[in-house]
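Here it is, the structure in full.
A, B, ... follow the sequence lines: proteins, then strands. Residue 1 opens every chain. Just so you know, these numbers come straight off a predicted model, no measurement behind them.
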Amino acid sequence: MSKNLTSRSEDYSKWYNELVVKADMAENSAVRGCMVIKPYGYAIWEKMQAELDRMFKETGHQNAYFPLFVPKSLFEAEEKNAEGFAKECAIVTHYRLQNDPDNEGKLRVDPEAKLEEELIVRPTSEAIIWNTYKGWIQSYRDLPILVNQWANVVRWEMRTRLFLRTAEFLWQEGHTAHATKEEAWKETKLINNVYANFAENFMAIPVVQGLKTESERFAGAEETMCIEALMQDGKALQAGTSHFLGQNFAKAFDVKFTNKEGKQDHVWATSWGVSTRLMGALIMTHSDDKGLVLPPNLAPNQVVIVPIYRNDEQLEEITNVANNIMSDLRAKGVSVKFDNRTTHRPGAKFAQHELQGVPLRIAIGPKDLENGTVELARRDTLTKEIVSLDNLADIVKNLMTEIQDTLFNKALSFRDSHITEVDTFDEFKDVLEGKAGFISAHWDGSSETENKIKELTKATIRCIPIDNKAEEGKCVLTGNPSKQRVLFAKAY
RNA sequence: CGGGGUGUAGCGUAGCCCGGUUAUCGCGCCACGUUUGGGACGUGGAGGCCGCAGGUUCGAAUCCUGCCACCCCGACCA
């Protein structure tokens, strides 16, 4: 392993790929486009899952699990949804292998074992879930249904990148059913708020909440809300989406209920999801040329203690001090690891923990034993200070909050300084090619204009921010009248 | 899926154009010793179906064909 990462300025995407692998989060597998998430990366994902799961349950949702496979006839029922995902589906056509008579020791697909009906490996689960909901709903008394599932899905992507776009990925998908349009809309917004809250307060990633334009909308949705984040290279990343599905799926799957007035009506629906792509957002928001930088909320180990010693007696003394520190920290809910490996020298440990983004390092050496101190090294600021053992646990506990806040504020000021208002198309192109980031510009509201801008610049409308103020203006491309600005950016 | 590139030990690589001893070097790995406040040093050692499958040839890492994977640029996408 070479010692240093490629720097971000040298080659951003190489930096990203190296970082994911060297920090031991994930690696490519023997399966095209599919990754192995390694224990360290998975531990971070589990932190995200735990918090999101808590938030979903707090807002009244329950977990369930639906099948990996979707019969083709169900998959095609909601036309737009089917069309949207058709190009990237894995399909099961057979159910048995046999010894290959022409090729000793090899297997082949048994031609006799062809399925009557092909099974689609879910790229998303609306179809199988709405087919199921049909049997669960007769009356308004059966509503709402507020269900989430943690699952894997498969989308046969042409170009894959670890965490950002893999052929198989892990996610959660919520699927809710409601008696009224208003209630379904409320749910859509509620979840988008949950996502924004989670991104900002837990992951320290500032996001813009907004609505997608028609062409960026989820296939089968009437409206798509989203949270959009900005990466350090000035590209936007869609971090989560919450869809208002109207009655599209209820109609496609004939899910009706009897309302209070005794009349039949189709159910209103939402669906919403975030995926392991959030790992990519995490990495590209906070990390630096030394490696991963983790907000304390997401760190598998918030603190690591590294002993520096010349002999066994010293190590023993340091171990005693470390044990005391650990029990104090754990009592305050801070996770801590004592890196007492004898196989690595301190410098190597420092470098490794920096690469892996541990928020705070405590080093204890002979000088500290003498003085009753430890050395604290912050990953976010790369600063070091010597502090007394007195009140250490309180200091560390407070530092966790401070590091979390510092990371958020740093990302926020980067993001805010990369939202540029432009009023001409020349400016638009200049900003896009130079400073990058979000561009706030007037748009005439037509898909044609949106597509034209995409063709000309590769920038897409990331969203129409929900807190947009009304402002008369002229479309940056066509000069047609516009009532508000929208956010453009190149995106992942 | 279209264009370009790359595949040699765990990682990074030389050799390939112009076929011919035992496939080069660095890191990492193992053993022993000395070390330990920012990626240690010395000595010794192990590790290779040269991406996979065919073909040409007396002989292939090297030439030819097919396939696979990865990277970059497009199209697609969370």
(request) For residues A:Trp156 and A:Phe85, establish whether the separation of their ring centroids is below 6.0 Å. (result) no
(request) Quick one: look up who B:C58 pairs with, Watson-Crick or G-U, both distances under 3.5 Å, and put none if it's unpaired. (result) B:G20
(request) May I have the distance from A:His344 (atom NE2) to B:A40 (atom C1'), rounded to whole angstrom? (result)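 Taking atom C1' of B:A40 as the reference, NE2 of A:His344 is at 13 Å.
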(message) Over 60° means perpendicular and under 30° means parallel, so tell me whether A:Phe218 and A:His243 are parallel, tilted or perpendicular.
(response) parallel
(request) Decide whether a cation-pi geometry holds between A:Arg361 and A:Phe350; the criteria are a distance under 6.0 Å from NZ or CZ to the six-membered ring centre and an angle within 45° of the ring axis. (result)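 Verdict for A:Phe350: a cation-pi partner in A:Arg361.
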(request) Identify the nucleotide, in any strand shown, that forms a Watson-Crick or G-U wobble pair with B:U43, with both distances under 3.5 Å; if there is none, say none. (result)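 Partner of B:U43: B:A31.
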(message) From C-beta outward on A:Arg310, which listed nucleotide comes closest to its side chain: B:U36, B:C1, B:G38?
(response) B:U36
(message) Does A:Arg341 reach a base, just sugar-phosphate, or nothing at all? Heavy atoms under 4.0 Å.
(response)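 No contact.
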(message) Please tell me if A:Lys454 has a side-chain N or O lying less than 4.0 Å from either OP1 or OP2 of B:C76.
(response) yes
(request) Report the distance from atom CZ of A:Arg345 to atom C1' of B:G38, rounded to the nearest whole Å. (result)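 In whole Å, B:G38 C1' and A:Arg345 CZ are 10 Å from each other.
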(request) In whole angstrom, give me the gap between the C1' atoms of B:C73 and B:C58. (result)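 Between the two C1' atoms, the distance is 45 Å.
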(request) Would you tell me if any nitrogen or oxygen in the side chain of A:Ser13 comes within less than 4.0 Å of OP1 or OP2 on B:C72? (result)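 Yes, within the criterion.
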(request) Assign each of A:Glu168 and A:Ala348 to its nearest nucleotide of RNA chain B by heavy atoms, then name whichever residue's nucleotide is nearer the 5' end. (result) A:Ala348
(request) Select base, sugar-phosphate, or nothing to describe what A:Gly84 touches, counting heavy atoms under 4.0 Å on all strands. (result) nothing
(message) Check A:Glu402 with A:Arg378, please: is the shortest side-chain N to carboxylate O separation under 4.0 Å?
(response)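 Yes, charged N to carboxylate O under 4.0 Å.
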(request) Any strand is fair game: report the nucleotide pairing with B:U13 by Watson-Crick or G-U wobble, both distances under 3.5 Å, or none. (result)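 In the structure as shown, B:U13 has no Watson-Crick or wobble partner.
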(request) Return no unless some side-chain N or O of A:Arg155 is found under 4.0 Å from OP1 or OP2 of B:C76. (result)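 For B:C76, neither OP1 nor OP2 has a side-chain N or O of A:Arg155 closer than 4.0 Å.
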(message) In this structure, how many angstroms lie between the P atom of B:G74 and the CD atom of A:Glu455, rounded?
(response)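 So the CD-P distance, A:Glu455 to B:G74, works out to 14 Å.
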(message) Only pairs with both distances under 3.5 Å count, Watson-Crick or wobble alike; so what is the partner of B:U6 in this structure?
(response) B:A69
(message) Can you work out whether A:Ile308 or A:Arg462 has the more 5'-proximal nearest nucleotide on RNA chain B?
(response)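 Residue closer to the 5' terminus by nearest nucleotide: A:Ile308.
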(request) Identify which nucleotide among B:C72, B:G38, B:G37 has an atom closest to any side-chain atom of A:Lys367, counting heavy atoms from C-beta outward. (result) B:G37
(request) Could you tell me whether A:Ser29 contacts a base, only the sugar-phosphate backbone, or nothing, with contacts defined as non-hydrogen atoms closer than 4.0 Å? (result)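 Nothing: the residue A:Ser29, judged by heavy atoms under 4.0 Å, touches no strand.
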(message) Using a heavy-atom cut-off of 4.0 Å across all strands, would you classify A:Glu157 as base, sugar-phosphate, or nothing?
(response)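 Answer is base: heavy atoms of A:Glu157 come under 4.0 Å of a base.
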(request) Nearest whole angstrom, please: distance from the P of B:G38 to the CG of A:Asp289. (result) 21 Å
(request) Find the distance A:Arg159:CZ to B:G74:P and express it as a whole number of Å. (result) 7 Å
(message) Tell me which nucleotide, if any, is Watson-Crick or G-U wobble paired with B:C50 when both distances must be under 3.5 Å.
(response) none
(message) Closer than 3.5 angstrom, by distance alone: can the side chain of A:Arg122 be matched with the main-chain N or O of A:Val70 as a donor-acceptor pair?
(response)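 Not at all, since once roles are kept as given, no pair shorter than 3.5 Å links the two residues.
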